[in-house]
Number of protein chains: 2
Amino acid sequence: MATRKSEHLRGAIREALEQEILTGERQPGERLDEQALASRFGVSRTPVREALHQLVATSLVELRPNRGAFVRQVSLRELVEMFEVMAELEAMAGRLAARRAEPAPLARLEAALKACESAAQSGDADAYYAENSLFHEAIYDACGNAFLASEAKRLHQRLKAYRRLQLRVPKRIGQSLAEHRLIVSAIAAGEEKAAERELRKHITIQGERFADFVSSVQRRDAAE
Amino acid sequence: MATRKSEHLRGAIREALEQEILTGERQPGERLDEQALASRFGVSRTPVREALHQLVATSLVELRPNRGAFVRQVSLRELVEMFEVMAELEAMAGRLAARRAEPAPLARLEAALKACESAAQSGDADAYYAENSLFHEAIYDACGNAFLASEAKRLHQRLKAYRRLQLRVPKRIGQSLAEHRLIVSAIAAGEEKAAERELRKHITIQGERFADFVSSVQRRDAAE
DNA sequence: CATCACGAAATTGTATACAAGGGCTTTGAC
DNA sequence: GTCAAAGCCCTTGTATACAATTTCGTGATG
């Protein structure tokens, strides 16, 4: 999409900070100095403050009163909990999509699956990662519940950075793709229970793989 | 709870506006003038703006660029969708609570049920409404997933104003209470499926009753 | 030598001042 | 008489200035 020329400053700043936090460029617990950010972006403190407040709303940033803004520390436990909720929302979306099974969203879903297959064949993990996101969004959009779709996208977005890590696991892409195929055929066939079950499994596996990965890396972390 | 003396202005303003919107004192679509609010609260525009932005994050207020803030118009369709998601989250919380079934949260849940019974006997709809909220929060807290609990509370809060309406329906309180009893016994017995099923039904009924009520009242509304 | 208190510096929170953008009204032309 | 365009006014968006609170440093005292 084209970059809107009249986009407000706080929007641009929010996106920039969001990116930095999600990519891990900004370490959890790091303090975000308003003045420093202002001079870095070449603006005053006002839009920076507004951007930080928006990030607080998305739980990426924590705001201690009269202390400043800090990159929020997300514990392993909380991440596992988030994946658990994500699995439930995805399963619900899949069930509803199977129940409705309207032609147009279904066609988009199958197109997204094909795109995943292409990306998988090319062996490009980043490409598969991108197509994977679009595939899941296609499921949300097919569920016929716009509110559920927006909530699912919100949570998906929050888990984005973490989800990316576990695609590095060998053979995970092929396995993920096989699961995608099962999901699509269940939805297309209108099999609610199968769609729900397969999607729940799909996300739960991601969560477990991720938890294993993180706990093996961050073993040094103190138990909070 | 005691009012914290050092509470920031934007917090107080946010709560005040939130209250006014949820109680319907502020009509949907109504414009919220920054300057007017500032002079009304005896502060400058800055904290008012920050409060409005926070309300945007909770979807209570819509912000049209360079146009100002408006009380968000929630369509009947969107409300039905929100109740559908609420039902799923509550069902999930109930299932997890039944699975874990730890003594302390269970005791709090049973206490909340007793409080509902007392309020129902007194015939005070508002009191039952308040205890009902606490009962549902007790379920969230018993699920052992803090993230799910916070998300459920957030959505519960957003549906608060609408939920309140349909308690006016005669005999609904007694029926609600009976459903609560079924839910608690299922959770206490560790029957995951029963807890999930009863909670889903409980919320779905609320949603349907509410939809009936609204559509009978707002029949004049133009289809958007 | 440690601990507590006072003070100064720095940072957030709020107020005010300025700029920019959009809507509404009025006026002119067809 | 109607439609369109331009200008004024009001509003939001941003910058700067001020106030209040917190933290860290320094010194004095037990």
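Just so it is clear: chains get the letters A, B, ... in the order the sequence lines come, proteins before strands, and each one is counted from 1.
- Across the protein-nucleic acid pair, A:Leu9 atom CG and C:dC18 atom P stand 20 Å apart, rounded to whole Å.
- Between A:Arg31 and C:dT12, a side-chain N or O to OP1/OP2 separation shorter than 4.0 Å is present.
- When the nucleotides D:dA15, C:dG13, C:dA15 are ranked by their closest atom to the side chain of A:Pro47, D:dA15 comes out on top.
- For the side-chain contact (heavy atoms from CB on, under 4.5 Å) with A:Ile203, the lone residue among A:Met86, A:His156, A:Glu84 that qualifies is A:Met86.
- A pairwise comparison of heavy atoms in A:Leu22 and A:Arg158 identifies CD2-O, 4.4 Å as the closest pair.
- Atom CD in B:Gln35 sits roughly 11 Å away from atom C1' in D:dT12 (whole-Å rounding).
- You'll find that the side chain of A:Ser44 is closest to D:dT16, out of D:dT16, C:dA15, D:dG13.
- Atom C1' of nucleotide D:dT21 and atom CG of A:Asn66 are separated by 5 Å, given to the nearest angstrom.
- At whole-Å resolution of the value, CD1 in B:Ile13 and C1' in C:dA15 are 13 Å apart.
- Ion pairing between A:Glu81 and A:Arg77 holds under the 4.0 Å rule for side-chain N and carboxylate O.
- Taking atom CZ on A:Arg14 and atom C1' on D:dT14, their separation rounds to 18 Å, with Å as the unit.
- Of the residues listed (A:Glu25, A:Glu62, A:Arg26), the one engaging A:Val71 in a side-chain contact (heavy atoms from CB on, under 4.5 Å) is A:Arg26, and it is the only one.
- Side-chain nitrogen and oxygen atoms of A:Arg64 include none within less than 4.0 Å of the OP1 or OP2 phosphate oxygen of C:dT11.
- Distances shorter than 4.0 Å separate none of the side-chain N or O atoms of A:Arg67 from OP1 or OP2 on C:dT11.
- Of the two residues near DNA chain D, B:Asp33 and A:Val43, the one whose nearest nucleotide lies more 5' is B:Asp33.
- At D:dA15, none of the side-chain N or O atoms of A:Arg45 fall inside 4.0 Å of OP1 or OP2 (strictly under the cut-off).
- Separating the CD atom of A:Glu50 from the P atom of D:dT12 is a distance of 12 Å, rounded to the nearest angstrom.
- Look at CZ on B:Arg10: it is 6 Å from P on C:dT14, rounded to the nearest Å.
- Residue B:Thr46 has no polar side-chain atom (N or O) positioned under 4.0 Å from OP1 or OP2 of C:dT14.
- Closest approach to the A:Glu34 side chain among C:dT12, C:dT14, D:dT12 is made by C:dT12 (side chain taken as heavy atoms from C-beta onward).
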**Prompt:** Where do A:Glu90 and A:Gln206 land on the side chain to side chain contact (heavy atoms under 4.5 Å, CB included) test, with the steps shown first?
**Reply:** CA-CA 13 Å; A:Glu90 295 247 6; A:Gln206 284 187 6; over 6 Å; no
